[in-house]
Amino acid sequence: MNVFWAPSGELPKEASSPEEISRFVVEAAVHAPSVNNTQPWWFSTGDHEVSVHADVERRLRIADPDGREMMISCGAALFTARVALRYLGFVPKVHILPDPDLPNLVARIGYSGDQTPTVDYERQLFAEVPRRRTHRGGFDAEPLPAGLISALRDEASREKATLRIMAEEGQRGALAAVVEAADYALRLDAARVREQSRWAPPPGSPRRDGVPPTAYPARPDRTEPSFPSRDFAHGHGWGLPPSGMGTVPRSAGVVAVLTTSADRPDDWVNAGQALQRVLLLASSSGATAALHSQPLEVTELRGFIAAVLCDGAYPQMVVRLGTTGQASVSVRRRVDEVLL
Ligand SMILES: Cc1cc2nc3c(=O)[nH]c(=O)nc-3n(C[C@H](O)[C@H](O)[C@H](O)COP(=O)(O)O)c2cc1C
């Protein structure tokens, strides 16, 4: 019955009773990334079981009509729950979308009493759960550690997804142009702007969801090629002070598209698991990621990325990876609000 609650901002290190284990797992899972930090999930527990549910009230009705991004977010929470169980030494048994009559039951994660020792790799991923943050802007010029990209591709394929690196200048330029076109299109759509601004609280807000001004720069760096960030401040000038880099364009980093071979809800959940797996390993190597889902919310542009840059596979996320000294701070709802 011994739980050691680590200092704030870190995760507890131990849990033994079923209640403590559930709480431990959910405490970790809520750190997962989610579209606009909607945190579209809730959790329930049973006998040696934790379930992840999609909270459809938190789905972006205009940007995400099919719930694809909601399911990716829940998949990221699912992978984080698995990491937490492995950290405790349990062997998670995952059933994705186990009940056709309950489409919002994303996954049941069972764990038996048998435990196997946690290996260093699992401890490393667990340590990154509260540290990992989404970056918005450019990266330092330094290359990523040798071997990291191929390791990240392996991580994605373990979750039935593919991390496609846009290695050629032409591919990077084309993808940047599509992100830019999407960003313009979204800014011209009043209903979408309203929807996004509902998830972008002002400075000092007590809210524990949405993207706070501590999570993005007031004036994002220009990258080469240019990958614009979403306009969370919607003209208010909110955000972190400039990094001091001035007008010199910064690196866009290593640019990749995460894809799946089909486009059903279980593929979206797997894409979310792959995304979080990639992000946690990158973070453990000192790299950070910027995410761009703007073009994937516009059917025609998503189709273009699939056909021209991804051999017809289904794009689920545009990811840029690099290193940066800039830190962003995000928020999360409390475990009591999501563990029902
Ligand atoms: C499906 C999905 C789509 C996302 N799209 C974007 C995006 O277009 N732009 C962006 O800056 N961040 C994007 N993010 C990152 C979220 O905004 C971020 O995870 C959330 O604000 C929580 O912050 P954190 O990742 O720093 O913990 C996306 C995340 C997910 C899971």
Side-chain angles (χ1 to χ4, degrees), residues 9 28-41 54 58-60 63-64 66-80 106 128-138 161 175 178-180 182-183 185-187 192 195-196 198-201 207-217 220-221 223 227-233 239-240 253 257-258 260 265 267-280 282-283 288-298 301-302 305 314-321 324 326-333:
V30 298
H31 284 273
S34 64
V35 61
N36 285 0
N37 201 18
T38 49
Q39 305 167 44
W41 47 57
R58 291 176 164 265
R59 175 173 62 83
L60 303 175
D64 188 26
D66 302 329
R68 188 182 63 82
E69 295 186 279
M70 175 183 75
M71 284 303 196
I72 293 176
S73 307
C74 289
L78 164 61
F79 182 74
T80 318
V106 175
E128 296 309 319
V129 166
R131 276 189 218 145
R132 176 216 58 82
R133 286 275 83 86
T134 301
H135 177 64
R136 298 179 176 94
L175 188 59
V178 181
V179 171
E180 190 145 43
D183 205 64
L186 301 181
R187 286 173 199 235
R192 285 189 187 234
E195 181 175 70
Q196 184 169 291
R198 280 199 287 275
W199 293 100
R207 273 177 61 178
R208 291 177 160 265
D209 56 8
V211 183
T214 51
Y216 54 86
D221 318 300
T223 59
F227 282 86
S229 298
R230 283 179 189 267
D231 179 19
F232 291 110
L240 298 166
V257 183
L258 185 72
T260 50
D267 301 298
W268 304 335
V269 175
N270 283 331
Q273 297 208 80
L275 176 68
Q276 178 69 330
R277 196 165 181 146
V278 163
L279 297 179
L280 291 178
S283 182
T288 181
L291 305 179
H292 295 273
S293 56
Q294 304 104 309
L296 308 180
E297 294 173 358
V298 180
L301 298 180
R302 188 171 182 229
I305 295 174
Y314 293 89
Q316 306 296 356
M317 185 61 73
V318 174
V319 185
R320 294 188 293 114
L321 293 150
T324 171
Q326 292 167 288
S328 71
V329 178
S330 191
V331 289
R332 289 298 187 277
R333 288 180 295 157

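In listed order, ligands and their atoms are each counted from 1. Side-chain atoms are counted along with the backbone in the values below, which use heavy atoms only and exclude waters and symmetry mates. Fair warning: this is a prediction, and the values are worked out from it, not measured in the lab.
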**OP:** List for me each residue that meets side-chain hydrogen bond (donor to acceptor under 3.5 Å, both in side chains) alongside H135, sequence neighbours excluded, and say none if there are none.
**Re:** none

Original post:
Would you call R131 and E128 a salt bridge, using N to O less than 4.0 angstrom?
Top reply: yes

Original post:
Between R187 and D183, is the closest basic N to carboxylate O distance under 4.0 Å?
Top reply: yes

Original post:
Ignoring hydrogens and geometry, is there a side-chain-to-backbone donor-acceptor pair from Q316 to I72 under 3.5 Å?
Top reply: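 No, the answer is negative, given that no donor and acceptor are paired below the 3.5 Å cut-off.
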
Original post:
Are any non-hydrogen side-chain atoms of W199 and D209 less than 4.5 angstrom apart?
Top reply: yes

Original post:
Is the number of heavy atoms from other residues, nucleotides or ligands under 6.0 Å of Y314 OH greater than 12?
Top reply: no

Original post:
Measuring from each atom of ligand 1, which residues have a heavy atom under 4.0 Å away?
Top reply: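 Residues within 4.0 Å of ligand 1: P33, S34, V35, N36, N37, E69, I72, S73, R132, R133, T134, R136, V211, R230, F232, L291, H292, S293, Q294, M317, S330, R332.
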
